[in-house]
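Okay, so here's the structure we're looking at.
Model, not experiment: these values are computed from the prediction.
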Amino acid sequence: MKQLDAKLNKLRYYPLFGALIYLLFGALWITFSDQLLLSLAVDPQTLSRYQSYKGYFYIALTAALAWILLRQRLHFSRSLTKSEYILDQTIEKAAAGIAHVSPSGQFLRVNQELCRLLGYSMAELRELSFQQLTHPMDLARDQALVEETLSGLRQHYSLEKRYLRKDGQVIWARLSVSLIAATDISDTFFVSVIQDISDVKLAQLKLEESELRFRTLLDSMPTISVQGYDEDGTTLFWNKGSELVYGYSSQEAIGRSLLDLIIPEKMQEGVREAVSQMASSGEARHAEELVLKRKDGSPVTVYSSHAVVILPDKKPQIYCIDIDLTTYKQQEAQLAFLAQYDPLTHLPNRHFFANQLEQALKVARREQLQLAVLILDLDNFKNINDSYGHNVGDQLLKQVAEKLRICCRDTDTLARLGGDEFAILIEHLEQPEDAARFAQELLRTMQQTLMLPPDLELSAAASIGISLFPQHHDNVEALLQGADAALYKAKAEGRNTYYYYSDQLTAQARQRLVLEGRLRNAIKTGQLHCYYQPQLEVATGRIIGAELLLRWRDPELGFVSPEISIPLAESSGLIHALGIQVLQQACVQGKAWLDEGLPAISLAVNVSAHQFSRGELGQQVRTLLAETGFPAKFLELEVTESALMQDEDKVIETMQQLRATGVRLAIDDFGTGYSSLAYLQRLPLDILKVDRRFICNMTTNPDNQQITKAIIELGHTLRFEVLAEGVETAEQLAMLQQMRCNYYQGYLFSKPVPAETFRQLLAQQQGVGVRAH
């Protein structure tokens, strides 16, 4: 347009320019041509002829000048016509509607495409304004942009708007408008370019509708979470389901890293690699069940699948579809619970108990262990149900289950078999009577009064049947049937009692439990007494110490052998109380003899493997020594070789703790175990005691003689003092003297005697010194 204006302005000055040239040339020609002719010709005839020539030349020259000017004008006229033609063709043949519009909105010029778009002829459109053809909902915006352009705030504008066709249809168009300012040859007008985008807009609207339907669909499924994120894990999409499943609103989630939102820390590295791989390959990873985290940190189980979306010229986007499995997992857990547990008491059911018993039997067979199955049935439960109703009966069963649960160890299995029948599996049973001991505890517990709502007091006695492996049966069904048979026998014998599957075992267990009760009472009432067996120096025959041996004389049973009482105390757990009592008697008696002025001797106390392994012996010894004032150097603790064959590090640690108190340590019954020389060398021992089994036949059995000699030499090599037990003859003592044994004890000098008798022996040997400590 600017080029056209320049050409028009140049053409405007061409006539003036030609006139000035003509006037100048004419003036110069008239002024100087006559003078030139007069200088060239003097006669009139020649001058007249030259005047003719001058006229011809002037006519030719002015004709040439006129030709040049007219030719230039023709050139400009043709150029202008060509430009107008090109402009007209451009407007008419354009693939978009083009219009010249006045500032008031009137169509000044329109092309055929615009007529086709709007359905009007050119003449009809030139009678209309754009305001009349604009959809009412778009008119205000379009008019505002027009006014801004006319006011100089903008030079052009574009917008998408709707037009009203002549046939009443509505079309979408993209309108681009530029302002053409007024010139000498033209008034101000707008050039409008209108492109039909109805198809694009329709597709866009359908896409928006589809996306709206998609979002509505996703948001209407609260258990399905959909998240979109880019290759860096930054969240781009977060539906309503995600808000409900994970607890974050879309405002909180979008823009944040998905790893920080819902991925547990231990999974983050793996998820980061998976996201990177999906983005680079364009392939989604396989669907799987994951445990992710909610906003509050609680876990949530989801079934997670993925889709990778790759759009042209855009980064890959990954969409994750998570199905909340919380309800499913709860139902699954409930079904699994009901398959294995009783819904009323929450105890394992018969099926679970049978499986557990089967596994326990496999272990017991492999490791040669014992186990017991107890079946407990409430006495008169039917009467309670009939009298007070099933609700009270259910409450009773729940409280009974809780009481049984309290009685059981962590390693025991308690189950409700059905109705008022319960079963208990005891693994690692040490003694068959331990099952009866446990049954007695259960019966005592069951006899306690129960408080049931609304203020009902009831007692629930029970009967118990016991079946043992391997004594009775070796399979699940037989053990259960055996315990059930024993249960019915207990009920037939008057209820509120227990029975083994075999009568003999029932009698033995009851006898042992009676004896255990009497032993417990004997410890409480002081019926147990310590006897003292002298220990003598082989070389001099002086009393240098005594071993304390426990004696129990029951008022009804009479003397009970230590071979019965000690194992009974160990199996019943009474050995700890018994051991403390013996240690206390040793310290009290030893301090009394010292205060009396009797010779200082060592008092040796046997320590059981149970006491030794418990880990409290060191503190107990320190406490007793402090309370009694007995010097630690005169107390000697004897531990059997078998007790030392446990955890080596723990044994050494315990012995070092005892040694730190100042007491002496001895290994008893040496030669009957399997301790290695390397192990013995690490132990902080003082005394090695040769077992009596090697001494008794030493004079007649060369093997025993050689073994005894080897043990004594071994003890001396390890810097231990050696004491021989069970010396009964002078020949045995003579051999021990030849073998350089340090000390001995046995019936040759004295059997174990009461404290007073031993005191008299000490008094008789006044002046006999105590061995060095």
Side-chain angles (χ1 to χ4, degrees), residues 523 530 535 544-550 566 569-570 573-591 594 600-689 691 714-715 717-723 725 742-743 770-773:
I523 295 173
C530 290
Q535 296 175 335
I544 49 82
E547 180 180 2
L548 275 74
L549 300 171
L550 196 64
I566 298 303
E570 289 182 340
L574 296 174
I575 192 66
H576 301 286
L578 193 61
I580 291 298
Q581 193 172 93
V582 174
L583 278 170
Q584 186 176 28
Q585 288 192 29
C587 293
V588 171
Q589 186 64 72
K591 181 65 168 61
L594 288 175
I601 61 171
S602 293
L603 295 180
V605 178
N606 289 286
V607 177
S608 74
H610 292 275
Q611 288 177 276
F612 195 77
S613 62
R614 194 165 182 175
E616 302 172 355
L617 189 58
Q619 182 59 43
Q620 291 170 347
V621 169
R622 279 191 292 269
T623 301
L624 287 174
L625 291 173
E627 290 176 350
T628 61
F630 185 59
K633 63 182 179 179
F634 297 136
L635 179 62
E636 184 178 295
L637 301 181
E638 295 184 1
V639 184
T640 62
E641 190 176 6
S642 59
L644 299 177
M645 299 306 296
Q646 301 178 23
D647 185 344
E648 292 187 10
D649 294 335
K650 186 176 181 181
V651 166
I652 293 174
E653 180 183 359
T654 302
M655 296 187 75
Q656 288 174 343
Q657 291 174 357
L658 291 170
R659 191 66 175 275
T661 65
V663 302
R664 292 164 60 82
L665 299 174
I667 180 171
D668 197 11
D669 300 334
F670 184 77
T672 61
Y674 303 93
S675 56
S676 66
L677 296 182
Y679 183 35
L680 282 176
Q681 194 174 12
R682 296 177 60 196
L683 299 177
L685 294 169
D686 298 288
I687 304 293
L688 188 150
K689 299 185 71 174
D691 188 75
L714 173 63
T717 301
L718 296 175
R719 297 184 178 84
F720 301 153
E721 295 176 320
V722 181
L723 184 146
E725 297 180 301
N742 301 100
Y743 313 110
V770 183
R771 68 186 169 192
H773 293 286

Side chains of [X] and [Y], heavy atoms from C-beta outward: is any pair under 4.5 Å?
X: Leu688; Y: Leu723; result: no
X: Gln657; Y: Leu617; result: no
X: Asn606; Y: Thr640; result: no
X: Leu603; Y: Phe630; result: yes
X: Val621; Y: Leu637; result: yes
X: Ile687; Y: Ser602; result: no

Please report the interatomic distance [atom1]([X]) to [atom2]([Y]), rounded to the nearest 0.5 Å.
X: Leu683; Y: Leu718; atom1: CG; atom2: CG; value: 9.5 Å
X: Leu625; Y: Gln620; atom1: CG; atom2: CD; value: 12.0 Å
X: Leu548; Y: Glu638; atom1: CG; atom2: CD; value: 9.5 Å
X: Gln619; Y: Leu624; atom1: CD; atom2: CG; value: 10.0 Å
X: Leu550; Y: Gln585; atom1: CG; atom2: CD; value: 7.5 Å

With distance as the sole test, does Asp686 use its side chain to make a donor-acceptor pair with the main-chain N or O of Leu665 at under 3.5 Å?
yes
Non-hydrogen atoms of [X] and [Y] that approach each other most closely:
X: Leu658; Y: Gly618; answer: CD2-CA, 3.6 Å
X: Ile523; Y: Ala577; answer: CG2-CB, 4.4 Å
X: Val722; Y: Asn742; answer: N-OD1, 2.8 Å

Val639 and Leu685: CA distance, side-chain angles, deciding distance, side chain to side chain contact (heavy atoms under 4.5 Å, CB included) verdict
CA-CA 10 Å; Val639 184; Leu685 294 169; over 6 Å; no
Any salt bridge linking Lys689 with Glu636? Criterion: basic side-chain nitrogen under 4.0 Å from a carboxylate oxygen.
no
Evaluation steps, side chain to side chain contact (heavy atoms under 4.5 Å, CB included), between His576 and Ile580
CA-CA 6 Å; His576 301 286; Ile580 291 298; 5.8 Å; no
Out of the candidates Glu725, Gln535, Glu721, only one should pair with Tyr743 under the side chain to side chain contact (heavy atoms under 4.5 Å, CB included) rule; please name it.
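Checked Glu725, Gln535, Glu721 against Tyr743; only one passes side chain to side chain contact (heavy atoms under 4.5 Å, CB included): Glu721.
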Test side chain to side chain contact (heavy atoms under 4.5 Å, CB included) on Phe720 and Ile667 and set out the steps.
CA-CA 10 Å; Phe720 301 153; Ile667 180 171; 5.8 Å; no
